[in-house]
Amino acid sequence: MGIEAEKRLAAEAAAALVEDGMRVGLGTGSTVAFLLEALAARSLDLRCVATSPRTEEAARALGLAVEPFESFDRLDLAIDGADQIAPDGWLVKGGGAAHTREKIVAAAADRFVVIASSDKPVDRIEPPIPLELMEFGLPATLRALEPTTLRDVPRSPDGGVIADYRGSVEDPEATAARLAATPGVVAHGLFPPSLVYEILVARGDRVQRLVPPG
Ligand code: 5RP
């Protein structure tokens with residue numbers, strides 16, 4: 001079974017966790033695109049929040065009700081993809097530059113469920129780590145974050161500049177703390193295991209369920 005079929009399988013497994021009346025956070029990316037289809041097919045009464053304009057547009061086109069995230073202060077469930085999944089549950093997100101909103105949505109959810117194909121688990125987290133930076137003082141922020149490169153993509157919907165930290169990530173917790181503590185960093189793409197409820201990884205025609213320790 002190919003990677004696209006695995007993405008669909010993981011997405012369908014996550015869609016099965018959604019119940020009528022839930023407030024659901026919708027992630028961003030190609031795995032989430034399968035989730036949107038699977039969710040729409042269930043015709044549930046849901047109130048959804050989207051982590052990007054592209055997800056919002058796709059969800060609405062499929063008939064899902066998307067509301068602004070000013071409408072809720074918590075979500076029942078958020079479902080999203082990932083770029084890297086470490087054995088201890090650390091994630092890298094932001095390949096689609098949506099990590100700032102994705103982290104806010106994940107943190108607001110009672111359960112944050114990650115969906116992935118079998119190419120996403122890694123032995124250890126490797127750079128690059130996506131960043132969203134303020135434009136104000138950008139050269140100074142980039143200097144403080146060396147080695148970091150700007151990504152040639154549009155600004156985030158919140159006006160942030162997208163970049164990638166290319167330094168060592170031997171200790172994800174220490175790197176996350178350093179990135180978060182650097183003035184000018186809006187958000188970074190390291191997501192701690194404490195944020196994650198479960199990870200659904202499709203391998204061939206089976207879905208493996210991983211629960212991060214703690
Ligand atoms: C977007 C993300 C995505 O969830 C991540 O890049 C995985 O994408 P895909 O499902 O297309 O592999 O973090 O910012």
Side-chain angles (χ1 to χ4, degrees), residues 1-15 24-39 48-59 62 69 75 77-86 89-109 111-122 125-133 150-165 169 172 176 179 185-193 195-203 207-208 210 212:
M1 192 177 265
I3 292 298
E4 294 306 299
E6 288 182 347
K7 288 180 184 180
R8 181 186 290 280
L9 198 61
E12 286 173 353
V24 182
L26 305 172
T28 292
S30 56
T31 316
V32 166
F34 290 118
L35 171 77
L36 302 181
E37 285 176 18
L39 266 186
C48 300
V49 164
T51 53
S52 62
R54 124 180 73 124
T55 292
E56 180 171 346
E57 198 179 313
L62 288 162
F69 201 18
L75 298 162
L77 185 64
I79 304 169
D80 204 347
D83 300 306
Q84 298 182 51
I85 301 167
W90 276 91
L91 308 177
V92 176
K93 289 188 47 55
H99 49 286
T100 301
R101 290 188 177 198
E102 290 173 336
K103 198 177 274 185
I104 294 169
V105 164
R111 289 183 292 157
F112 173 47
V113 175
V114 177
I115 50 177
S117 43
S118 62
D119 55 331
K120 300 302 179 64
V122 293
I125 299 291
E126 298 284 353
I129 305 301
L131 298 170
E132 179 166 342
L133 307 174
L150 292 175
R151 205 188 295 177
D152 188 17
V153 294
R155 297 287 179 98
S156 81
D158 305 296
V161 175
I162 304 301
D164 291 291
Y165 172 72
V169 198
L179 295 175
V185 174
V186 178
H188 59 78
L190 280 165
F191 283 43
L195 210 52
V196 180
Y197 178 75
E198 67 181 344
I199 302 168
L200 302 175
V201 179
R203 292 185 187 279
V207 177
Q208 186 182 359
L210 310 168

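When a ligand or atom number is given, it counts from 1 through the structure's own listing order. Residue numbers count from 1 along this sequence. Because only heavy atoms are used, hydrogens play no part in the values below, and waters and symmetry mates are left out as well, while side chains stay in.
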- If you take all heavy atoms of H99 and I162, which pair is closest and at what distance? CE1-CD1, 4.4 Å

- Would you say A98 and ligand 1 have an N/O pair spaced under 3.5 Å apart? yes

- Message: I need the nearest protein heavy-atom contact for atom 5 (C) of ligand 1: residue, atom name and distance, please.
- Response: D83 OD1, 3.1 Å

- Query: G81 heavy atoms, cut-off 4.0 Å: which ligand 1 atoms fall inside?
  - Reply: 4 (O)

- Item | Residue, atom name and distance, where the atom is the protein heavy atom closest to atom 10 (O) of ligand 1 | T31 OG1, 2.6 Å

- Subset of ligand 1 atoms that lie under 4.0 Å from at least one heavy atom of K93: 2 (C), 3 (C), 4 (O), 13 (O)

- Specify the closest pair of heavy atoms between G94 and D83, including all atoms of both residues, with the distance to one decimal. N-OD2, 3.2 Å

- Query: Does any pair with a residue in residues 48-58 pass salt bridge (Lys or Arg N to Asp or Glu O under 4.0 Å), and if so which ones, sequence neighbours excluded?
  - Reply: E56-R60

- Message: Distance check, rounded to the nearest 0.5 Å: L75 atom CG versus F112 atom CZ?
- Response: 11.5 Å

- Query: Backbone, side chain, both or neither: what part of P130 comes under 4.0 angstrom of ligand 1, heavy atoms only?
  - Reply: neither

- Looking only at distance, does V32 have an N or O less than 3.5 Å from an N or O of ligand 1? no

- What residue and heavy atom of the protein are closest to atom 9 (P) of ligand 1, and at what distance? S30 OG, 3.3 Å

- Item | Geometric cation-pi criterion K7 and F34, 6.0 Å radius, 45° cone | no

- Taking only non-hydrogen atoms of D80 and a 4.0 Å limit, the atoms of ligand 1 in range are 4 (O)

- Return the residue, atom name and 0.1 Å-rounded distance of the protein heavy atom closest to atom 3 (C) of ligand 1. T28 O, 3.2 Å

- Please state which part of A97 comes within less than 4.0 Å of ligand 1, counting heavy atoms only: side chain, backbone, both or neither. backbone

For a quick test of your reading: what N or O donor-acceptor pairs under 3.5 Å do the side chains of residues 113-120 make, sequence neighbours left out?
from : atom 1 : to   : atom 2 : distance (Å)
S117 : OG     : D119 : OD1    : 2.5
S118 : OG     : E6   : OE1    : 2.7
S118 : OG     : E6   : OE2    : 3.2
K120 : NZ     : A82  : O      : 2.8

- Of the choices K7, E102, K120, which has the non-hydrogen atom that lies closest to atom 12 (O) of ligand 1? K120

- Between V105 and the options V49, D80, V24, the side chain to side chain contact (heavy atoms under 4.5 Å, CB included) test singles out V49

- Tightest non-hydrogen contact, residues R101 and P157, listed as NH2-CB, 3.5 Å

- Task: For G94 and ligand 1, answer yes if some heavy atom of the residue is under 4.0 Å from a ligand atom, otherwise no.
- Result: yes

- Taking atom OG1 of T31 and atom CG of L9, what is their separation to the nearest 0.5 Å? 12.0 Å

